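None of these values were measured; they are calculated from a predicted model. Excluded from the calculations below are hydrogen atoms, water molecules and symmetry mates; all remaining heavy atoms, backbone and side chain alike, are included.
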Amino acid sequence: MQTPSPPRILRREPLPAEKHGGAPCKDSVWVTDRTALPSIRLYCWPRPPASGMGSAGLARLHGLFAAYKPPGLKWKHLRDIVELQLLKGLNAGKPPAPEQRVRFLLGPMEGREEKELTLTATSVPTLTDHLLVRGPAFTSLKIGVGHRLDAQASGVLVLGVGRGRSLLTDMYNAHLTKDYTVRGLLGKATDDFCEDGRLVEKTTYDHVTREKLDRILALIQGSHQKALVLYSNLDLQTQEAYEMAVTGLIRPMNKSPMLITGIRCLHFAPPEFLLEVQCMHETQKQLRRLVHEIGLELKTTAVCSQVRRTRDGFFTLDDALLRTQWDLHSIQDAIQAAAPRVAAELEKSLRPWLGPEQLPGSGQHRDSEGPSSALKGQAGGAVGG
């Protein structure tokens with residue numbers, strides 16, 4: 001049996017883009033097979049974007065959103081869960097159709113009685129872009145965490161995705177206040193100021209009244225407000241200072257100790273009491289120590305049984321996504337809904353301290369390095385956290 005001759009390439013001819021809606025690759029040719037195959041045109045289509053629907057979902061992920069951190073969960077673990085859920089959603093889109101390649105396969109020729117093998121031009125899919133070959137299109141995302149919460153605390157935790165991480169830096173520079181509800185328990189003291197810490201002392205608390213507690217809280221708020229003015233470095237005799245005081249924008253623009261702008265008792269039922277604290281530059285441990293110091297001022301002892309953040313800047317509990325909402329679509333919707341408010345509030349908070357060219361959204365590129373880097377989840381590429 002005579003071996004069929006290989007196909008002969010007559011000439012190259014690019015595929016007309018105006019007829020097919022896209023430019024062909026450079027391998028489009030006319031091919032004629034010498035084994036009685038008719039002259040056929042073989043097209044090599046350009047590969048479709050590997051990311052597909054994932055890229056569209058990725059574009060809506062640049063910004064800030066808030067999640068509700070339950071007690072007992074570390075903030076790093078929460079960030080990892082969110083990243084995993086986002087990657088799962090981005091990679092769940094329908095994969096694009098595989099690229100087709102022309103192969104000449106040896107087989108019996110159709111329409112002939114002789115059992116003669118011949119080369120037949122066949123379009124077959126390539127496997128280089130198959131999910132099982134190249135793996136998932138998105139492997140990691142850049143997610144930043146705002147003001148952190150320790151493992152025992154709960155409440156609003158702000159996260160930034162992609163270019164939204166630069167907005168976290170703006171939130172830090174704005175020195176926005178945060179709200180907490182802090183629950184205390186009179187009558188005992190522990191080594192770490194927590195209710196479940198090692199017991200150090202037990203005391204009586206029958207003499208403690210609501211009036212005495214309110215008086216101590218008023219003294220604490222007054223002393224901290226004086227410190228706030230001191231750390232703000234403002235001349236109180238100026239019109240600027242007066243306008244900032246009216247709008248509530250007096251705040252330190254540098255590092256400072258914990259500053260309490262407001263504190264009051266929400267509930268008092270000895271031995272338990274519940275405080276609402278508005279503060280800045282705090283840690284949850286300092287809030288627990290505050291409960292301990294309040295107990296000492298009341299001539300007794302007290303431990304902290306709960307710290308819950310109810311507001312972080314312009315994000316409240318109503319904005320915080322619950323554990324069941326940590327998925328791609330819910331986070332995308334939360335980012336899009338918060339974007340106008342974030343831009344307006346940051347501009348309002350930073351305008352007295354920065355020039356117009358330094359305000360967020362003024363055209364300044366903030367994604368060159370560090371926490372301002374953009375999200376780089378291109379298809380097939382890994383982005384470090």
Side-chain angles (χ1 to χ4, degrees), residues 60-71 73-83 85-86 141-182 247-249 251 258-262 266 276-284 287 306-351 359-361 366 371-372 375:
R60 300 181 62 227
L61 273 179
H62 295 283
L64 298 180
F65 72 98
Y68 184 87
K69 191 192 88 66
L73 180 67
K74 295 182 179 180
W75 66 265
K76 288 184 179 180
H77 191 194
L78 186 151
R79 183 187 62 184
D80 294 342
I81 293 175
V82 169
E83 180 183 4
Q85 292 297 98
L86 289 178
L141 299 175
K142 287 186 177 293
I143 301 178
V145 178
H147 300 106
R148 299 170 182 173
L149 290 169
D150 59 28
Q152 294 83 11
S154 62
V156 179
L157 183 67
V158 180
L159 296 96
V161 185
R163 290 189 295 272
R165 298 190 307 151
S166 64
L167 298 177
L168 291 175
T169 304
D170 294 330
M171 285 188 66
Y172 276 112
N173 294 335
H175 300 270
L176 303 173
T177 59
K178 296 174 285 296
D179 291 358
Y180 290 85
T181 55
V182 181
T247 56
L249 291 177
R251 58 178 64 100
M258 179 180 72
L259 296 174
I260 297 174
T261 59
L266 298 178
E276 181 185 58
V277 183
Q278 287 112 29
C279 55
M280 61 182 68
H281 300 174
E282 81 294 336
T283 65
Q284 289 74 58
L287 292 173
Q306 183 190 57
V307 174
R308 184 174 184 237
R309 182 190 289 163
T310 58
R311 182 180 64 86
D312 186 353
F314 31 79
F315 288 96
T316 66
L317 286 174
D318 294 335
D319 304 312
L321 300 179
L322 301 178
R323 175 65 180 85
T324 55
Q325 298 174 304
W326 298 348
D327 57 79
L328 177 63
H329 296 297
S330 297
I331 292 176
Q332 285 175 332
D333 293 342
I335 289 175
Q336 298 301 315
R341 186 171 81 251
V342 169
E345 292 292 338
L346 283 179
E347 181 178 359
K348 175 184 175 183
S349 300
L350 294 175
R351 183 175 294 278
L359 290 174
R366 308 179 63 88
S372 302
L375 184 150

Using a 4.5 Å cut-off on heavy atoms from C-beta on, say whether the side chain of Val145 contacts that of Leu78. no
Measuring from atom CD of Gln85 to atom NE2 of His329, what distance do you get when rounded to the nearest 0.5 angstrom? 12.0 Å
Less than 4.5 Å apart, any side-chain heavy atom of Arg323 and any of Ile81? yes
Side-chain donor/acceptor of Gln325 to backbone N/O of Leu322, under 3.5 Å: yes
Expected output: side-chain Gln336 to main-chain Arg60 donor-acceptor under 3.5 Å: yes
Gap between atom OG1 of Thr324 and atom CH2 of Trp326 - 0.5 Å precision: 9.5 Å
Taking all atoms of both residues into account, what is the closest heavy-atom pair of Leu61 and Ile335, and its distance? O-CD1, 3.6 Å
Check: Gln284/Tyr180 side-chain N/O donor and acceptor closer than 3.5 Å: yes
All heavy atoms of Ala334 vs all of Leu321, minimum pair found to be CB-CD1, 4.1 Å
Which pair of heavy atoms, one from Val156 and one from Arg311, lies closest together, and at what distance? CG2-N, 4.3 Å
Taking the six-membered ring of Tyr68 (Phe, Tyr or Trp), confirm whether the NZ or CZ of Arg308 is under 6.0 Å from its centre and within 45° of its axis. no
Has His62 got a side-chain atom pairing as donor or acceptor with Arg163's backbone, closer than 3.5 angstrom? yes
Do the non-hydrogen side-chain atoms of Met171 and Leu346 ever get within less than 4.5 Å of each other? yes
Using only atom types and a distance under 3.5 Å, with no angle test, would you say the side chain of Asp333 pairs donor to acceptor with the backbone of Ser330? no
Would you give the length of the straight line joining atom CD of Glu282 to atom OG1 of Thr177, rounded to the nearest 0.5 angstrom? 9.5 Å
Starting at OG of Ser349, measure out to CG of Asn173 and round the result to the nearest 0.5 Å. 11.5 Å
Exercise: identify the closest heavy-atom pair between Ala320 and Ala67: CB-C, 3.8 Å
Let me confirm one number: the CD-CG distance from Gln332 to Asp327, rounded to the nearest 0.5 Å. 9.0 Å
Separation between CG of Asp179 and CD of Gln278, rounded to the nearest 0.5 Å: 4.5 Å
Is the backbone N or O of Phe314 less than 3.5 Å from a side-chain atom of Arg341, with the two atoms forming a donor-acceptor pair by type? yes
Donor-acceptor under 3.5 Å (Arg309 side chain, His147 main chain): yes
Nearest heavy-atom approach of Gly160 to Leu64 is CA-CD2, 3.6 Å
Would you indicate whether the side-chain heavy atoms of Val161 and Phe65 approach each other to under 4.5 Å? yes
